[in-house]
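When reading the values below, keep in mind they use all heavy atoms of this one structure, side chains included, and skip hydrogens, waters and symmetry mates. Numbers here simply count residues along the sequence, with the first being 1. Treat the numbers as computed from the prediction; the structure is a model and nothing was measured.
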Amino acid sequence: MNLSRRILPAMWLLPASALAQQPARRGPNGGPVVTADGHPIELVLSGTTLTLFVSEENGRPMSSARANGRVTVQAAGQTATVTLAPAEPNRLVATLAAPLAPGARVVFTGTLSDGHRVTARYIVD
């Protein structure tokens, strides 16, 4: 009886853990997309350039004119924070010190043009 009390609650967690391991969907620019506060945000890396494409809740491109934020990057045992600059029509851009290797973690925190404060987390493929 004691064993069943331990196993049953663990079984409820199985579907949630399976969902958490699904790969992120890809956006129109080929990068992984995370939905934060209803806004799809796509991460695209090209050399040392990190670009976030922001969209409205309906998926249409959202102006980045008044958006701001930063990315925190954890790679090779080091952590760095970089400020993002808005680039119209719907991008936030930063230049990294070096290209990111697979497994690096990127965390975006910022405010979108509509005032939503968002956080999006990515793991580089």
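The two atoms that bring Pro28 and Glu42 nearest to each other are CD-OE1, 3.3 Å, heavy atoms only. Closest of all the heavy-atom pairs between Ala120 and Val34 is CB-CG1, 3.9 Å. Smallest separation of non-hydrogen atoms from Ala87 and Ser64: O-OG, 3.1 Å.
Note: the hydrophobic cluster containing Val124 also contains Leu52 (ILVMFWY, side chain heavy atoms under 4.5 Å, direct or indirect links).
Between Ile41 and Val118, the closest side-chain pair of non-hydrogen atoms falls below 4.5 Å. Considering only heavy atoms from C-beta on, Val71 stays 4.5 Å or farther from Tyr122 through its side chain. Contact of the Leu96 side chain with the Leu45 side chain is registered, since non-hydrogen atoms from C-beta on lie closer than 4.5 Å. Considering only heavy atoms from C-beta on, Val106 comes within 4.5 Å of Leu50 through its side chain. At a threshold of 4.5 Å between non-hydrogen side-chain atoms, the residues Phe108 and Thr119 do not count as touching. Using a 4.5 Å cut-off on side-chain heavy atoms (C-beta onward), Leu84 and Asn68 make no contact. Pro86 has its side chain out of reach of Arg91: every pair of non-hydrogen atoms, C-beta onward, lies at least 4.5 Å apart. Side-chain contact between Thr72 and Thr79 is present, with heavy atoms from C-beta onward closer than 4.5 Å.
More than 12 heavy atoms of other residues, nucleotides or ligands sit less than 6.0 Å from atom CD of Glu88.
Not one N or O on the side chain of Arg70 forms a donor-acceptor pair closer than 3.5 Å with the backbone of Thr83. Without hydrogens or angle criteria, Gln74 side chain to Ala104 main chain gives no donor-acceptor distance under 3.5 Å. A distance-only check finds a donor-acceptor pair linking the side chain of Asp114 to the backbone of His116 [under 3.5 Å].
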- [ ] Starting from the C-alpha separation in whole Å, work towards a yes-or-no answer on side chain to side chain contact (heavy atoms under 4.5 Å, CB included) for Thr35 and Arg25.
- [x] CA-CA 10 Å; Thr35 301; Arg25 70 181 176 96; 4.1 Å; yes

TODO: Verify side chain to side chain contact (heavy atoms under 4.5 Å, CB included) between Leu100 and Val73, making sure each step is shown before the conclusion.
DONE: CA-CA 9 Å; Leu100 296 180; Val73 178; 3.5 Å; yes

- [ ] Begin from the C-alpha positions of Val54 and His39 and carry the test side chain to side chain contact (heavy atoms under 4.5 Å, CB included) through to its verdict.
- [x] CA-CA 7 Å; Val54 295; His39 295 279; over 6 Å; no

- [ ] Go through the steps for Thr95 and Val82 under the test side chain to side chain contact (heavy atoms under 4.5 Å, CB included), then give the verdict.
- [x] CA-CA 8 Å; Thr95 301; Val82 182; over 6 Å; no

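Clustering of Ile, Leu, Val, Met, Phe, Trp and Tyr by side-chain heavy atoms under 4.5 Å joins Val44 with Phe53.
Atom CG in Asn90 sits 8.5 Å away from atom OG in Ser63 (nearest 0.5 Å). Interatomic distance, Leu92 CG to Ser113 OG, rounded to the nearest 0.5 Å: 8.0 Å.
Defined by atom type and a distance below 3.5 Å, a donor-acceptor pair is present between the side-chain atoms of Arg117 and Thr111.
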